[in-house]
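Following: one structure in structure tokens, then a few remarks.
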Amino acid sequence: MPELPEVETVVRGLRAVLPGRTITGLRLGKTDFIADPPRLEAALPGATIQEVRRFGKFIGLRLAASHRANGNRSANWLLVHLGMTGQFIVCRPDSPLRPHTHVWLALDDARELRYTDIRRFGKMRLVDAVELPSFLARLGSEPLEVPFEDFCTALARRAMIKALFLDQHVFRGLGNIYTDESLWRARIHPRRLGARLNPSERRALYAALRRVLSDAIRLRGSSISDFVDSAGSPGDYQRRHRAYGREGEPCFRCRAKIRRIVVAGRSSYFCPRCQLAPKGRSRRTPRRHSG
DNA sequence: AGCTCTTCCTGAAAGC
DNA sequence: TGCTTTCAGGAAGAGC
């Protein structure tokens, strides 16, 4: 599942080859994951890719409009979210066509940029420079850029820390894997409330998050089932997972069996010995033992 | 405000 | 063996 490190890996790969390239043609397959297909068909052919950026889990390609069409329009951004199974790959036109490929962009260097997405949970849309700020305003801060003080402010809510981390309006780019890995590292149970974390726990979580994300970027992301980078190669961080997907296996710190529970509608893996559950019930009246 | 449930989609895995 | 059912999961929306 592409999260921040996976998307960053794809973006770095695309950044190495796309800036300066002009899109010479566009072909669409299924379009139910594209916000406005005709807009893409009108704007992409002839446009030159100027910049590749990452906004949380979104890939952004900044496009200079073609000289002929829309000469007075501001720059467009093609925003791509990989969803669960999205892949954005640069390849030669004659490379084998993978099933579920729904967008082909022909480039002026005789290569193709292809978007493949088995489940089509991904998203693709075009926004112009005027629309971009309102799009970005809906996203929280970048986890690797947010200062500690702002990190603490974002946590000061009566929501479970797992839900807070998954909410893209709080932090942009975190998903199930890196949330669980960071919580394991910081020894914090996924059901703890953000507002109830003490200063040393907040400090530990901030450090854990930064460490996990930067290590994962260094290892080019986690490949569990479908993730590959812009060249089609898998990442290596799945070998460093300490909690995610390890139900029943021993904790790397204390050998207790890793457990799986559902929090915020997601599988959550944690060590029941290292990551202690919140005391009592966080809502409703606490039950008393009969006495 | 924040939690749970539902929806979208497909392939893998479990069930029979 | 082979067909059928269940499930996972990012994000948004509904309902409580």
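Throughout, protein chains are lettered first and strands after them, A, B, ... in sequence-line order, and every chain is numbered starting at 1. Just so it is clear, the structure is predicted and the values come from calculations on it, not from any experiment.
- If you check every strand for non-hydrogen atoms under 4.0 Å, Ser267(A) touches sugar and phosphate atoms only.
- For dG2(B), its base never sits under 3.5 Å from the side chain of Arg157(A) at any donor and acceptor pair.
- No N or O donor and acceptor, one from the side chain of Arg138(A) and one from the base of dA12(C), sit under 3.5 Å apart.
- In this structure, the ring of Phe58(A) has its center less than 6.0 angstrom from the ring center of His81(A).
- Taking the ring axis of Phe270(A) as reference, the NZ or CZ atom of Arg259(A) does not stay both within 45° of it and closer than 6.0 Å to the ring centre.
- Ionic pairing of Asp32(A) and Arg120(A) is present here: one or more N-O contacts between side-chain nitrogen and carboxylate oxygen are shorter than 4.0 angstrom.
- Using a 4.0 Å heavy-atom cutoff across all strands shown, Gln168(A) reaches sugar-phosphate atoms only and no base atom.
- Contact annotation: His100(A) side-chain N/O to dC9(B) OP1/OP2 distance is not under 4.0 Å.
- Side chain of Met160(A), nearest nucleotide from dC3(B), dG10(C), dA8(C): dC3(B).
- At a threshold of 4.0 angstrom between heavy atoms, the contacts of Lys30(A) are confined to the sugar-phosphate backbone, with no base atom among them.
- Within the 4.0 Å cut-off from OP1 or OP2 of dG10(C), at least one side-chain nitrogen or oxygen of Arg266(A) is found.
- Contact annotation: Tyr269(A) does not reach the phosphate of dA8(C) (side-chain N/O to OP1 or OP2, under 4.0 Å).
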